[in-house]
Amino acid sequence: MRAKLWVIKIGGNIIDDAEGLGRFLERFANLRGYKILVHGGGKIATRMAADLGIEAKLVEGRRITDEAMLRIVTMVYAGLTNKQIVAELQEKGCNAIGLSGADGNAIRTVKRPVKTVDYGFVGDILPGSVDTDTVATFVNAGFTPVFSAITHDGHGQLLNTNADTIAAALAVALSAQYATSLVYCFEKRGVLRDITDENAIIPEIRAGEFEQLKTSGIIADGMVPKLYNAFEAISKGVDEVCIGHAEDLHLLREQHFGTRLVR
Ligand code: ADP
């Protein structure tokens with residue numbers, strides 16, 4: 001039987017709230033079993049860029065990672081943010097080890113090809129991007145890997161990568177060895193039927209219901225690619241995907257955590 005593995009992703013909004021992040025990390029540290037944390041960026045990189053006089057470049061509302069920005073996101077996400085999370089987890093008795101995709105060749109990506117928009121130094125994950133042996137070695141040795149969303153292309157180039165996609169790729173790749181649950185934590189209590197009503201949590205969504213929720217406008221914005229990623233992960237071997245509030249993590253075990261996505 002495959003051992004249970006949690007792959008948990010926290011969004012940028014949680015990272016920016018030091019107290020909320022602390023409460024999340026407490027719950028994460030208390031979660032039993034094998035686990036991996038993937039963290040998004042937050043606004044520190046944007047603030048640091050502004051302090052240094054580097055302008056954040058946006059095309060059609062999407063951030064462009066030019067060379068100057070890549071340096072900053074690497075320093076902030078793979079540096080300060082990652083190490084701060086690791087230090088707090090150590091304080092809470094969780095033996096975390098901070099990694100980027102370059103460490104142990106854990107996640108190799110390819111620079112996004114330029115079509116209409118040049119996103120700059122952004123890495124796309126292709127099948128086979130994750131070195132499962134590297135990650136499993138840490139997990140089996142009792143470490144809890146904490147991944148920032150910085151990867152490499154194997155030719156010395158660091159690349160900024162979407163944290164949701166990294167979490168999904170890790171969960172899919174490791175599902176051959178572990179019974180994996182992928183958990184997306186953010187600042188709402190789950191996928192909501194009405195975005196203005198925190199209590200309107202949809203407890204379960206089946207793959208076949210996704211399209212309808214999208215066309216009816218119930219699921220919009222960042223939730224669309226998140227659910228797309230999630231159902232793809234399920235179709236590739238992940239047992240389940242759960243989406244909910246970072247501070248509700250203690251409810252995972254009793255299956256009362258946010259929204260559960262199933263086949
Ligand atoms: P993250 O915080 O993980 O980076 P995103 O910002 O990409 O997440 O996506 C989550 C956002 O999706 C939420 O902040 C919310 O505004 C939006 N959203 C759209 N539809 C829904 C829905 N039905 N339920 C919950 N959130 C939704």
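Only heavy atoms go into these numbers, but all of them, side chains included; no hydrogens, no water, no symmetry mates. In listed order, ligands and their atoms are each counted from 1.
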Item to check | Residues forming a side-chain contact (heavy atoms from CB on, under 4.5 Å) with Ile201, sequence neighbours excluded | outcome: Arg189, Leu192, Thr259
Next on the checklist: If the threshold is 4.0 Å, N to carboxylate O, is there a salt bridge linking Arg206 and Glu204?
Outcome noted: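 Yes, charged N to carboxylate O under 4.0 Å.
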Next on the checklist: Any non-hydrogen side-chain atom of Pro203 less than 4.5 Å from a side-chain atom of His256?
Outcome noted: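 No - every pair of side-chain heavy atoms lies 4.5 Å or more apart.
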Item to check | Those residues that, when tested against Phe257, pass ring pair (Phe, Tyr, Trp, His ring centres under 6.0 Å) (two or more places apart) | outcome: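 Testing Phe257 for ring pair (Phe, Tyr, Trp, His ring centres under 6.0 Å), a comparison that skips the adjacent residues, returns none.
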Checklist entry - Does Phe138 have any ring pair (Phe, Tyr, Trp, His ring centres under 6.0 Å) partners at least two apart in sequence or in another chain, and if so, which? => result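 For Phe138 there are no ring pair (Phe, Tyr, Trp, His ring centres under 6.0 Å) partners, ignoring immediate neighbours.
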Next on the checklist: Is the positively charged end of Arg2 above the ring of Tyr178, judged by distance under 6.0 angstrom from the centroid and angle within 45° of the axis?
Outcome noted: no
Item to check | ligand 1: protein residues within heavy-atom distance under 4.0 Å | outcome: Lys9, Gly11, Phe186, Glu187, Lys188, Gly190, Val191, Leu192, Ile195, Ile218, Ile219, Ala220, Gly222, Met223, Lys226
